[in-house]
Amino acid sequence: MSNNNLGTTDTELDLLDLHPTRTDLKADVLYGLRQPQKWISSMYFYDERGSQLFDEICELPEYYPTRTEIGIMENDADEMGELLGPNVLLVEFGSGSSIKIRLLLEHLHRIAAYVPVEISREHLMNSARELQDAYPEIAILPVCADFTAPFDLPEPPQPARRTVVYFPGSTIGNFEPPDALELLRHMRRIAGNEGALLIGVDLKKDVSILERAYDDSAGVTAAFNKNVLARLNRELGADFDLDHFHHRAVWNESHSRIEMHLVSDQAQSVHIGGDTISFEKDEYIHTESSYKYLPDEFAQIAGEAGFSVEHVWRDSAGLFSVQYLESE
């Protein structure tokens, strides 16, 4: 690694805390469950147990995205670093896999600063401290904020030549297309006129591969999905009977997305505080969508957001991509 700027030490780690507004869990869940098509936001998957289960999912043989993206980074991070160039202000939306960011940091030259943006202050600071210990020569400037909303960037200790947004994983696929477009436009504003975006994009592929990835034989994804109901029982005093719901993953061809559902095995009523939600047999809660793109489809939405796709790295099987976009 050829970084040569002086950063901060762990004790000097400077947090920019924008005090992001937390969603009202009960109000949000009740709103979704009262819709004709019941839904619960996938953001509520990630309590402590849900995060543990997701880590297990990432190790499953059926779940290709994590290991495939890491493989692309291992093979091609050097070329990515060359395209990003020296003296960049690297802004990561969401504190994701420490493996991925480390692979990228190892191949950036004289980085101006690394700015992780994360809504969970505890998670943000833990990951920032670990990285600061590993890379004491890099200025690490954590920002506690909702990355989907406007936020200010901290001043790096040395001038940056350009700003690069990093958004690994397939998280862009969890946004409905209009919301994905708006997020990309937000990233374009953060990157600025000379900036760039390095983003993970999951690709369309054989439906059987997708359905196995989201409904593994060991039942870990099913436990992950049902854990959201356990969280509502614990945090809201709800009385979901987890034995009366089952996990389902299905490809929705018309929307180009894999969907996760929690299906009611019988007619039943669930109480959340003083509110009652009724289910018919086989009625389901939509808990997650994961959109998959063809390269041309993603290039189109990126173009609408003000980016041009300059380079796409794929694995040999064409399952996943990491894409380099420049501001137009």
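Since we're looking at a predicted model, the values are computed, not measured.
The hydrophobic cluster around Y284 extends to V263, counting ILVMFWY residues whose side-chain heavy atoms fall within less than 4.5 Å of a member. Grouping Ile, Leu, Val, Met, Phe, Trp and Tyr residues whose side-chain heavy atoms lie under 4.5 Å apart, directly or via other members, leaves I119 alone, with no other cluster members.
With hydrogens and angles ignored, the 3.5 Å screen pairs a side-chain donor or acceptor of R162 with a backbone N or O of L84. A donor-acceptor distance shorter than 3.5 angstrom exists from the side chain of E118 to the backbone of S120, with no hydrogens or angles considered. Judged by distance alone, the side chain of H244 and the main-chain N or O of S264 form no donor-acceptor pair under 3.5 Å. For E310 (side chain) and Y324 (main-chain N/O), no donor-acceptor pair under 3.5 Å exists by modelled atom type. Put simply, the side chain of S327 gets close to the backbone of G195: a donor and an acceptor are under 3.5 Å apart. Between the side chain of S321 and the backbone N or O of V201 there is at least one donor-acceptor pair closer than 3.5 Å. Side-chain atoms of H247 never come within 3.5 Å of backbone atoms of V220 as a donor-acceptor pair (strictly under, hydrogens ignored). For the pair N227 (side chain) and A230 (backbone), a donor-acceptor distance under 3.5 Å is absent. When atom types are taken as modelled, the side chain of E69 and the backbone of F320 share no donor-acceptor pair closer than 3.5 angstrom.
E297 contributes atom CD, which lies 3.5 Å from atom NZ of K204 (distance to the nearest 0.5 angstrom). To the nearest 0.5 Å, the span separating CG on L16 from CD on E155 amounts to 11.0 Å. Atom CG of L181 is separated from atom CD1 of I301 by 5.0 Å, given to the nearest 0.5 angstrom. Rounding to the nearest 0.5 Å gives a distance of 8.0 Å between CG of L262 and NZ of K226. The OH atom of Y31 sits 14.5 Å away from the CG atom of D24 when rounded to the nearest 0.5 Å. Atoms CD and NZ, from Q266 and K281 in turn, are 9.0 Å apart once rounded to the nearest 0.5 Å.
Each of V143, I190, L141, V117 was checked for a side-chain contact (heavy atoms from CB on, under 4.5 Å) with L153, and the lone residue meeting it is I190. Put simply, the residue from I140, L124, L13 that forms a side-chain contact (heavy atoms from CB on, under 4.5 Å) with R129 is L13. With L325 as the fixed residue, the side-chain contact (heavy atoms from CB on, under 4.5 Å) test singles out one of V164, L197, V165: L197.
For the side-chain hydrogen bond (donor to acceptor under 3.5 Å, both in side chains) test, no residue two or more places apart in sequence or in another chain qualifies with D78. By the side-chain hydrogen bond (donor to acceptor under 3.5 Å, both in side chains) test, T287 is found to be paired with N225, residues two or more places apart in sequence or in another chain being considered. Under the side-chain hydrogen bond (donor to acceptor under 3.5 Å, both in side chains) criterion, R185 pairs with no residue at all, not counting sequence neighbours. Taking R67 as the reference, nothing meets the salt bridge (charged side-chain N to carboxylate O under 4.0 Å, His left out) condition, with sequence neighbours excluded. Checked against ring-ring contact (aromatic ring centres under 6.0 Å, His included), F175 has no partners two or more places apart in sequence or in another chain. With sequence neighbours excluded, no residue forms a ring-ring contact (aromatic ring centres under 6.0 Å, His included) with Y291. Remark: F147 engages F93, F167 in a ring-ring contact (aromatic ring centres under 6.0 Å, His included) (not counting sequence neighbours). In this view, D146 and T148 satisfy the side-chain hydrogen bond (donor to acceptor under 3.5 Å, both in side chains) rule, not counting sequence neighbours.
Scanning all heavy atoms of the two residues, the minimum distance from V88 to R161 falls at CG1-NH2, 4.1 Å. H261 and H286 make their closest contact through CD2-CA, 4.2 Å (heavy atoms, listed as atom of the first residue, atom of the second, distance). Smallest separation of non-hydrogen atoms from D202 and L319: OD1-O, 3.0 Å. Nearest heavy atoms, A112 versus P159: CB-O, 4.2 Å. Heavy atoms only, all atoms of each residue included: C144 and L15 are closest at N-CD1, 3.9 Å. Scanning both residues, E328 and G303, for their nearest heavy atoms gives OE1-O, 4.0 Å.
Residues V309 and L203 do not share a hydrophobic cluster, clusters being chains of Ile/Leu/Val/Met/Phe/Trp/Tyr side chains in contact below 4.5 Å. At a threshold of 4.5 Å between side-chain heavy atoms, the hydrophobic network of Ile, Leu, Val, Met, Phe, Trp and Tyr places V250 and I40 in two separate groups. Under a hydrophobic clustering in which Ile, Leu, Val, Met, Phe, Trp and Tyr are joined whenever their side-chain heavy atoms come within less than 4.5 Å, directly or via other members, L30 and V228 fall into the same cluster.
Between P295 and R314, the closest side-chain pair of non-hydrogen atoms falls below 4.5 Å. Looking at S41 and D28, their side chains come closer than 4.5 Å, going by heavy atoms from C-beta outward.
Checked for salt-bridge contact, K292 and E211 miss the test: no charged N lies under 4.0 Å from a carboxylate O.
Side chains of H109 and E82: a donor-acceptor N/O pair is present below 3.5 angstrom, by distance only. Side chains of Y64 and D315: a donor-acceptor N/O pair is absent below 3.5 angstrom, by distance only.
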Evaluate the criterion side-chain contact (heavy atoms from CB on, under 4.5 Å) for residue pair V312 and F298; output intermediate values, then yes/no. CA-CA 11 Å; V312 177; F298 189 76; over 6 Å; no
Go through the steps to decide whether V270 and L33 satisfy the test side-chain contact (heavy atoms from CB on, under 4.5 Å), and finish with yes or no. CA-CA 11 Å; V270 174; L33 292 179; over 6 Å; no
What do the steps show when you test D179 against E182 for side-chain contact (heavy atoms from CB on, under 4.5 Å), and what is the final call? CA-CA 5 Å; D179 297 326; E182 185 52 43; 5.6 Å; no
Given the rule in the salt bridge (charged side-chain N to carboxylate O under 4.0 Å, His left out) test, do E92 and R102 qualify, once you have shown the distances and angles that lead to the verdict? CA-CA 12 Å; E92 183 176 11; R102 289 177 188 228; over 6 Å; no
Given the rule in the side-chain contact (heavy atoms from CB on, under 4.5 Å) test, do L198 and L104 qualify, once you have shown the distances and angles that lead to the verdict? CA-CA 10 Å; L198 190 66; L104 185 58; 4.0 Å; yes
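The salt bridge (Lys or Arg N to Asp or Glu O under 4.0 Å) analysis of residues 249-269, with sequence neighbours excluded, yields the pairs E176-R257, R257-E259. For residues 190-200, every residue pair satisfying the side chain to side chain donor-acceptor pair (under 3.5 Å) rule, not counting sequence neighbours, is listed here: R188-N193.
Ring geometry for F279 versus F245: interplanar angle over 60°, hence perpendicular rather than tilted (30 to 60°). A tilted orientation is assigned to the rings of F54 and F224, their planes being inclined by 30° to 60°.
Dense packing is recorded around CD of Q35, with more than 12 heavy atoms of other residues, nucleotides or ligands lying under 6.0 Å away. In Q37, the CD atom is crowded: over 12 heavy atoms of neighbouring residues, nucleotides or ligands sit closer than 6.0 Å.
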